[in-house]
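This report concerns only the one structure given below.
Numbers restart at 1 for each chain; the letters A, B, ... are given by sequence-line order, proteins then strands.
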Protein chains: 2
Amino acid sequence: MRETTGEQVGTNVSDTALRGFVGYNMKRAFNAVQADLTRTLAPHGLRMITYSVLALVVENPRLRPSALAKALTVERANLVVYVDQLEQAGWVTRTPSSTDRRAYALQATLEGQQVYARAMAAVRDHDQRMLGALDPSDVAVVNKALATIEAQGRSL
Amino acid sequence: MRETTGEQVGTNVSDTALRGFVGYNMKRAFNAVQADLTRTLAPHGLRMITYSVLALVVENPRLRPSALAKALTVERANLVVYVDQLEQAGWVTRTPSSTDRRAYALQATLEGQQVYARAMAAVRDHDQRMLGALDPSDVAVVNKALATIEAQGRSL
DNA sequence: CCTCACTAGTTATGAGCTATAACTAATTGC
DNA sequence: GCAATTAGTTATAGCTCATAACTAGTGAGG
């Protein structure tokens, strides 16, 4: 005979109310992804945000910090710190703009490009690891839905 | 004639490499969701995490902090602070366990349940706001996929 | 029954991400 | 030319997450 005065102690804790919200599922899934991605990038000397910054700099030569901040939806003030770190690592350079003396052009050094290429391969593996159990068509649906949700949120 | 020595300045910044990763899309979408949800909960005196804690306490009477931490995948050490805040607000009580003198039983006060009910309604609106543009069948796919990704991540 | 490993809850601390305000210098619009 | 705006920066603060270390209580084996 089980007592009814005891406490919830096992794994039978109900979170059905929260599971109904996409935000809750997103947070839980993202935490798991983030943990694995952080482990994946650490050996390359990168974090999620610095990896993203490096990726855009490689992909968009002579990118301006302000454009970069806008593209990543990051505050310019915070971006400064990320670029500082990449610059100190010798992977990104700030060269004064030839047309606007307030602005800089960001560029990846050769070493920065090599680090990025290696990290990119590791991230690809990570992505496969996280999505291995998913149907490719579902992945497409998820990516599209996430983009839609993002756009919806930005418009508020 | 456009000069080719200028910097990327407009909205034509490419992030196609990153867009291929679910983690990147998840982070961006989640940031948007989080921003709106934070605004939604603030008037109720709750944050995302304290709302989640309150929800599970309401749903699972006499829940133990350790079981709660496990259910939310949160460190016990951090949970203490969240419960402290809910207790100080008068929404949750800690009563000593009758069977284990180390443990406590968490319970929502009447006021806690009322706050939760009001917040729940607001969160439901928020959820609708974020998902309004999505096909209901896609939402189901997304929720299932997120749960799968989460489970995959936890197994690493 | 006594020791020892383990568990529940807690405290303290640090790192990382985000947001905001305030500042300098340069540009642009009127 | 002057005002408003923009680019980059510095400083700061709040929230989340992770870890270590501690106290107190439990439980299993000898």
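- Ion pairing between Arg39(A) and Asp36(A) holds under the 4.0 Å rule for side-chain N and carboxylate O.
- A salt bridge is defined here as a Lys NZ or Arg NE, NH1 or NH2 lying under 4.0 Å from an Asp or Glu carboxylate O, and Arg64(A) with Asp100(A) meets this definition.
- Considering only heavy atoms from C-beta on, Glu150(B) stays 4.5 Å or farther from Asn31(A) through its side chain.
- Counting only heavy atoms from C-beta on, Asn31(B) has its side chain closest to dT18(C) among dG9(C), dA7(D), dT18(C).
- Note on Ser66(B): a side-chain N or O is less than 4.0 Å away from OP1 or OP2 of dG9(C).
- The side chain of Arg101(A) places no N or O atom within less than 4.0 Å of a non-bridging phosphate oxygen (OP1 or OP2) of dT24(C).
- Val57(A) and Leu41(A) fall within the same hydrophobic cluster, defined by Ile, Leu, Val, Met, Phe, Trp and Tyr side-chain heavy atoms under 4.5 Å apart, directly or through other members.
- With dT19(D), dC17(C), dG9(C) as the candidates, the nucleotide lying closest to the side chain of Arg47(A) is dC17(C).
- As judged by a 4.0 angstrom heavy-atom cut-off over every strand, Arg76(B) is placed among the base-contacting residues.
- Between the side chain of Arg102(A) and the base of dT27(C), no donor-acceptor pair of N or O atoms lies under 3.5 Å.
- Contact between the side-chain N/O atoms of Lys27(B) and the OP1/OP2 oxygens of dT18(C) is found at a separation under 4.0 Å.
- Looking at heavy-atom distances under 4.0 Å, Ile49(A) makes contact with sugar-phosphate atoms alone, never a base.
- The closest side-chain heavy-atom distance from Asp125(B) to Thr40(B) is not below 4.5 Å.
- Between the side chain of Asn78(A) and the base of dA19(C) there is at least one donor-acceptor pair of N/O atoms closer than 3.5 Å.
- In terms of phosphate contacts, Arg94(B) brings a side-chain nitrogen or oxygen within less than 4.0 Å of OP1 or OP2 of dT10(C).
- Both Pro65(B) and Tyr82(A) lie close to DNA chain C; mapped to their nearest nucleotides by heavy-atom distance, the more 5′-ward contact belongs to Pro65(B).
- Rounded to a whole Å, the CD atom of Glu75(B) is 8 Å from the C1' atom of dC17(D).
- Here the C1' atom of nucleotide dG9(C) and the CZ atom of Arg64(B) are 11 Å apart, to the nearest Å.
- Contacts of Ala35(B) with the nucleic acid, taken as non-hydrogen atoms under 4.0 Å apart, are absent.
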